[in-house]
Every structure is written in structure tokens, then in C-alpha cells.
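Lettering of chains follows the sequences in order, A, B, ..., and the numbering in each one begins at 1. In what follows, every heavy atom counts, from backbone to side chain, and hydrogens, waters and symmetry copies are set aside.
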2 protein chains.
Amino acid sequence: MEIESAITQEKAGLLARVWGWFKPLPGKFKAKVLGVAKSTKQLGKDDPRRVIHSLKVGLALTLVSLFYYWRPLYDGIGIAGMWAVLTVVVVFEFSVGATLCKSLNRGLATLLAGALGVGAQHLASLFADREEPIVLGILVFLQAAASTFSRFFPRIKARYDYGVLIFILTFSMISVSGYRIEELLDMANQRLYTILIGGATCIFISIFVCPVWSGGDLHNLIASNIDKLANYLEGFGDEYFQTSENEGCATASTKNDKSFLQGYKSVLTSKGTEDSLANFARWEPGHGRFLFRHPWKQYLKVGALARQCAYHIETLNSHINADDVVQAPQEFVRAIKPSCTKMSSESGKALKALASAIKAMKHPTSANQHVDESKAAVDDLKMALESASNIEDTDLLTIVPTTTVASILVEIVKCVEKISESMHELSQLAQFKSVEPTVSPEKQLHLLHRGSVNPVLDGDDSTAFDDHVVIITVLDDQKAGKNTPEEIIENVPQAPKPSGVV
Amino acid sequence: MEIESAITQEKAGLLARVWGWFKPLPGKFKAKVLGVAKSTKQLGKDDPRRVIHSLKVGLALTLVSLFYYWRPLYDGIGIAGMWAVLTVVVVFEFSVGATLCKSLNRGLATLLAGALGVGAQHLASLFADREEPIVLGILVFLQAAASTFSRFFPRIKARYDYGVLIFILTFSMISVSGYRIEELLDMANQRLYTILIGGATCIFISIFVCPVWSGGDLHNLIASNIDKLANYLEGFGDEYFQTSENEGCATASTKNDKSFLQGYKSVLTSKGTEDSLANFARWEPGHGRFLFRHPWKQYLKVGALARQCAYHIETLNSHINADDVVQAPQEFVRAIKPSCTKMSSESGKALKALASAIKAMKHPTSANQHVDESKAAVDDLKMALESASNIEDTDLLTIVPTTTVASILVEIVKCVEKISESMHELSQLAQFKSVEPTVSPEKQLHLLHRGSVNPVLDGDDSTAFDDHVVIITVLDDQKAGKNTPEEIIENVPQAPKPSGVV
């Protein structure tokens, strides 16, 4: 009896445990599904172009599949039509530049490798039947090893990596399969045809259906990075000195503000994104205000300087966060606070002006004033420090944290000046439109003497300004993915005909 | 006459110009070829594994090509053998982790998409003949759009991007080509077979012929990054104060030293490399001292902290380079120099100890002493600053640059302490062998109380130490690409059989 009841109890316990394991499963599953749905929605919301891109890929694939459905075409192209499907899947990337890069790489590499493969095949056929596979094997080995090694060259890696891959692939396939399949030229021919069809479909759809331009993205990324630094610097002065002065009551507001003080962190690690965008931008045809040879390299320079500035801000930020900030004497703080706040806010304003100038593609003349002001603040700081030396009983230990902040701010002011200079250079290289209508002729003359503005006839001003407005709208629309194909065609006079590209 | 001579002269001038254009060409060509040869040699010298990798790819391709040459196999597999060539070219990556990641992604995605493709084909066949292509088209469109969107999820992007690509590819091909080709299952079957053959060849060669492990690379990268920071900090103190004291004669040595003071710059931008190495390392089987679930994530934490430290060093470096460093009074410099030099050199030594501990996979106990010393130096600095407050006639303006440097060094000391903590955590998670034989039992007891060392029996010490030696050698050999397959098999007891992997 006892044993039986023990067994029953044990069974019940086991069942309960198994049930306890299964019971929360539906709830967990539901929570998981809801979580995925939520993050899907968020992904689409963050950048609606992602949704559009997905639909574009679906469209391109379905179009290419037509080659299978439509009998006459199928009979002509045959099983090689699969290569068209493959090309679309592999080549269609998020941005026009990346798609062009891959398509052109694929097309040219196939052409070149096809020719060389046929040559290798011919060379091998000169040997006896038994030696033929050995010769082909050696040729395949040599080209694969050499091509693979070439992928380690940084320049080839950056631009032609995919092309080299396709080169190895096509060469091996043609030279090897040629040994068996008699219709060698036919095969090379077919493969080229279908890749052309697949590539052209991708290029056409990516350029004419809500295009995503890497160049535009790079342009916006640099502008938004500079904007993030500006947000930090504009807020820093008040934040820091408020905390130092009345620490108790400021804590709440400090915590609220922290979010916008964190924005700059993404600038620290944006190098990879910038590099790849600039790389793809080089493949893009002119579009909108970006001409074919737009100075993308200069964007990288501006980006590098912005990152330099972000490093300094990171060090600055460790001081704002330090718990052991020793309170400096009030008198000392009052002496250097105005110049520090001014350095921080004026360099912030300068960056804001630079960011909005780059966004609007105007000469960043409005930033000059703020750069000058921030440099004046550096001089103020020097004077304040000199006069503060006379304050009696200054305990060095208590003022060091504050002077460190001031000193880093001086570095940031220098950095901002460099950013401004490289932006002026960019503006000249990219021939940004120069003058706001509100600038007086004398001021214009003054600006011309600075060597940073191209001469513009007075009569040009209004049209130049109109241009901006159009462009800003175009850029914004593009970002929201609202462009219809007609609008794009209007705005891309330099875009080559897709048929001529491959 | 005059006209004729003029024409002759013009012709001669034209010829001269054309000649002038062609003449330097052979020289330029020669220089170009020499340049390429030189950089090729350099690439191979920098990392001999590149040469070996190229040869491995050639070997794998030639092996797979055998399926074409060897008639019985060819008759069995047929034209689908091309897929094996394609798989090798696309899947064979530099490291074992990347190759495994791509092979497994490709294999599993083909399996899944094949099954679903056959299902889609079956579903479409239930409709009337005219509706069939429409149904298939809709299915292809839907799956392509959904799969493409899923690639925007950061987690999928990081690990399964290639798998999703192959999923789209295979699904489209099977469901679409099934409409024409009758032997649908045969095709799916063949494709899977050949991918298996190609993938297995790649995995086998990449694991058993001079393997390159992403995990080992990540391990070495983190160690060398910490080492670079250590080099800077060890040199900084002398460099900075030497310059401040006798600026004139120190310039020459400063310029000589600059090269090793620049090493840390690469740490600033190493995030991308670290992330991708850690991602691939997760796919790798256990090898040598790295077990299957080695805490790769913790390496990323250490790496992030090292980067944080590099940001501070970057700010510090802008002070060492600043031309307008105002000379502080000698008395003041003499007061704070010892503590600053000590902070810098001790935190440098701590990092050096951490780097060599990680390299040898030992518990980083030897770093603790230096961390403590550097913290003591911070206290020294505080005292020095307090006493320096009594120096009369201190001009604040002249001492601010030096106090800023001191203040940033304090931040760096904090950073180094954090790096040391996270390294101790890593050491515990990865179960690094703990104690050097020279440590006395009392010291061991002390270390145990710190909670950073696993208890180890005294008798274990000697074998534990022997283990290190073996491992260090293995790691070095691997780096130089000297391993023979037998050695690897000895050192990789956890490596799964390649046939069981796919």
C-alpha cells in the first residue's frame, strides 16, 4: 500500500513537473511572437526604406522569374535562366551604389574570366588527352591561389572583392566544365546574357524605384554626426556648472538631460559605416545635387575630425560623470564659468551651423562667427585664469577638475575650428551654393577675401536659394521613401541609361 | 617654303609631344610593377597565413574539380557538380569560424528552403494550369520580401545573413524551376549533395590544414591592443616631463620616440574587427586551450574598456603635441612630476602584465600590484597638489596644461583598474590556469581571498605550468602557419568530425 501510494505520488509529482514545464510555454511563445512583432514594427518605423527595399527585392525576383514562366524566352535561355535568379538575389543591395558595385563587378569579372577560361581550355586542348585534366588542374590552382591572394590588397578588398570572387568562380567553372560540355562558348554566352538580364533588372529597379543613395546617406550621416556633437556641447556648459553650483536640486534635471548628452557616443564608432558608404558612393552616377565626381573623400576627412572631437568629448564626459568631483571655491567657479560656458556653447553653435549648412548644401559661412566667438572665449578664459591666480587661499586640489574641463574645452574649440576649415574645403570642392540672400554686399566681399566662397553674381542669389529648397525637399522625400519614379527621373539628369551601364 | 617648314616643324613638335608621352611609359610601367611586387611581398610578410590561405583555396578548388574529371562521379552527379565548385569559391573564408558559419548557413538554408520550395510547388499544382504561375509568383514575392526584411534584424544580420540569402535563392530556384523541370526532387537532392561535398571539403581543409582560428585571433588582438596602450603609458611620463623640462635638446629624441607613441591609434577603431572575430569565434569548435563555450563576449567587454582608455590617451596625446604648452614653474613641475610619472608608468606596467597574462592564458595576478601602485600614485598626486598650493606666486595659466595632463592620467588609472577587473572576470570565466610556481602559499591564500582565482591543488602547479608552455608554442606556431595536420589533431580533442558537422 505504502509503496503504491509512494509511486502514485511520485508519478503525480513528475506529471506536475512536466506540466509546470509545459504550462508557461504558450504564454512564453505569445510573448516571444509579440516581441518579434514589436521589433519588426520598430525596424520599419526607424527607416521605412527597409520595407520598400524588401518589396523591391520581391519585385525584381518576381520579374526575373517571368523568364521561366514565359515559354518563348525559356526556350531561348534554358536552364541558364537560373543564373538570372541567382544574380538578382546576390546582387540586389540596399543602396544604388552597392547594387551598382556588385553588378558591375559581377558583369566585368564574368566577361574577363569567361575569356580567360576559354583560353585556358584551348591551351589545355593542345596537350594529349591524358595530360589535359592535369594542365587544367594546375591552371585552376594557380589562378585561384593568385586571385585569392589579391583579395588581401586593401584597395582591391574595398572595391573589387566581389569581382575577384566571381572571377575565380567563372574561370573555374568554364575551364573545368569545358572539359565535358562541348558547347563551351554557348555556355559562356548564356551565362553572360542571364547575368546581364539579372543585373540590369536590379540596377533599373534600384535606381528608378525609390532609390537609396549611399552618397546621400553619407552626406546625412556626417551632418547628423556633427549635429550630435553640437547638441552635447550646447548642453554641456549649463549642465556642468549647474551641477557644480547647486548639486542637490540639480540631480533630477541632470538625469532628464542625460539622454541627449549620450547622442555623441555613436560618432565614436561610425568610421566603418562612413568608409563603406563613401566606397559605394563612388560607384553612383550623379543624382540630385550630387555630381558624378562629388568629393566623397572630403566627407571622410570631415568625419575623421568629427570623431577626433568626439574622443575629446568622451574624456570631457568622464569628468561630468565623475562622482569624486571636488567642489571648487565659488569665487573661482564664478571667475571661469562665463568663458567655459561660452566656449562650449559657441563651439556647439558653430557645429550646429556647419551641420545645417551641410544639410542644405550651402557655404558654411554662418559658422565663422561662432568659431571666432569660441576662440575669443579661449582668450577670455586665459584672462580669467590669470585674474583667478590672485584669489587668496586657492586650494589647487579643488580647482583641478574644473580647470581640466576648461582645458579640454580649449582642445575642442581647436577641433571645431579644424572641422570648420575642412567643411569650407568640402563646400568649395563640392561647389555648394554660396550666399544667403540676407548677407549684405560688404559682408560678401569680406567673405570672398577669406577665400572660402566662390564669387556669385548678385542676380544668381534668388535662383540659387530656390535650388536649395528643392534639394532639401528631395533629400527629405528620399529619406521617407516617397519618391515616385517620375520625380527621380526629373532630379537625376546625369543618371546613365541602365542598358548602357552594363 | 615657309609654310612647308612650319608644317614640318609642327609635325616634329607633335611627334616630340607624342614621344614625350610614350617615352616615360615603360619606366612608369616598370615602377608600377615593382611597386606591386613590393607590396605583395610585404602583404605576405606581414601575415604569412595569407599565402597559405591562398594555397588552401587553390587546393580545395582543384580537389572539387576532380568531380568533373573523374568520369564515374561525373555521370552520377552531372552538371550539378558545378554547385560544388560554386560552394567552395563562395564558402571558403580566411578563418575556420567564418568558413563554418558560411557552410552551415548554406547547408541548413538549402535544406529548409528546398523543403519549403517543394511545398510551394505542390501548393501551386493544386490550382488550375493558368493560375499556377500566378500563385508561384505571389509566393516568391512574399518570401523574398519577408526574408529580405528579416536581414535588417541586427541579430540575424550578424549570424545568419548568408543563410537568409541562400534561403531566398534556393526557394526561388526550386519553386520557379519546378514549374518547368519535372525532376524536382532530384534537383533539390543533387543540389544538397553537391553543396555537402563542397562544404565538407572546405571545412575539412580549413580545420586540418594550417587552421586560422578567429577565436585565437580575437584573443591575440585584445592582448596586443592592451599591449599598445601599455607602450604608450610606459613611455608617456618620461616623454612629457622631459619635454617640459629641457625642451630644446629633447626634440630629437621626441621625434624618434613618436612611432611607438602612435601605436594606440589602431585601438581607437578596432571595434568592427573585434565584433566580427567574436561573431565567427562562436561558430568554432573547441581547439587548443579554447573550449567550445569560451567566453568570447567577455573579450568584447575588455576590448570596449581598452578603447575607452584609448580615447583618454587620445586626449592626453593632444596635450603632448600642443605647441602652445605654457611652461609651468619649475618648482611646481618638480612637485607633481613623481606622482604623474608613477601613475603613467605603473598603469602602463599593469596593462603590460595584463597583456602578457592574457597571452599566456594565466590569471592576471601579477597586474594587481601595479594597479595598487598606480592608485597609490593618485593619492600622492593629491598630496603633491595640496602642498603645491602653498607655492607662492603660482600663475594658474602656466600650470593648467600640466594639471590637465595629471587629471587625465587619473582617469586613465581608473580605466586601467576597470580593465584589470574585467580581465579577472574573463580569467575566471575562461578558467585560465592560475598560479605561477614562484608564488608563495601565503600569497596564494591572499589571492584566493580576493575572489579572483580558482582553488588549485599544490600538486597541480607544475602540470598547469607545463600546459602554458605547450599552448604558447601552439599559438605562436599557428600564427606563423607552421602547424602540420597531425599537430592540430593532437591539440584539438574537441573538434567534431567534419562529416558530422553538416
S.K.: Rounded to the nearest 0.5 Å, what's the gap from CZ on B/F94 to CZ on A/R151? Could you check?
M.R.: 12.0 Å

S.K.: Is any side-chain heavy atom of B/F149 closer than 4.5 Å to one of A/L55?
M.R.: no

S.K.: Work out which heavy atom in A/S54 is nearest to a heavy atom in B/A145; give both atom names and the distance.
M.R.: CB-O, 3.2 Å

S.K.: Check each atom of B/S39 against the heavy atoms of chain A and say whether the ones under 4.5 Å are side chain, backbone, both or neither.
M.R.: both

S.K.: Just say parallel, tilted or perpendicular for the rings of A/F152 and B/H53, cut-offs at 30° and 60°.
M.R.: perpendicular

S.K.: Taking all non-hydrogen atoms of both residues into account, name the closest pair between A/G58 and B/A144 and its distance.
M.R.: CA-CB, 3.9 Å

S.K.: Report the distance from atom CG of B/D275 to atom OG1 of A/T269, rounding to the nearest 0.5 Å.
M.R.: 9.0 Å

S.K.: Starting at CD of A/E314, measure out to OG1 of B/T315 and round the result to the nearest 0.5 Å.
M.R.: 9.0 Å

S.K.: In Å and rounded to the nearest 0.5 Å, what is the CG to OG1 distance from A/L385 to B/T398?
M.R.: 10.0 Å

S.K.: Name the member of A/I408, A/I166, A/T40, A/V90 that forms the most heavy-atom pairs with chain B at distances under 4.5 Å.
M.R.: A/T40

S.K.: Heavy-atom pairs under 4.5 Å with chain A - which of B/L268, B/L165, B/V400, B/V57 has more of them than the others?
M.R.: B/L268

S.K.: Measure distances from B/T170 to the heavy atoms of chain A and classify the residue's part below 4.5 Å as side chain, backbone, both or neither.
M.R.: neither

S.K.: Can you say whether B/L59 sits under 4.5 Å from chain A via the side chain, the backbone, both, or neither, judging by heavy atoms?
M.R.: both

S.K.: Please report the shortest heavy-atom distance between A/L169 and B/L86, naming the atom on each side.
M.R.: CD1-CA, 3.4 Å

S.K.: If you round to the nearest 0.5 Å, how far is OG1 of A/T62 from CD1 of B/I134?
M.R.: 12.5 Å

S.K.: Where does B/I138 contact chain A at under 4.5 Å (heavy atoms): side chain, backbone, both or neither?
M.R.: neither

S.K.: With a 4.5 Å cut-off on side-chain heavy atoms, are A/L61 and B/F141 touching?
M.R.: no

S.K.: I'd like to verify something: which residue of A/L43, A/T403, A/I168 has the highest number of heavy-atom pairs under 4.5 Å with chain B?
M.R.: A/L43

S.K.: Below 4.5 Å from any heavy atom of chain B, which atoms of A/L142 appear? Answer side chain, backbone, both or neither.
M.R.: neither

S.K.: What is the distance from atom OG1 of B/T148 to atom CZ of A/F92, rounded to the nearest 0.5 Å?
M.R.: 9.0 Å

S.K.: Measure A/V405 against the heavy atoms of chain B and call it side chain, backbone, both or neither at under 4.5 Å.
M.R.: neither

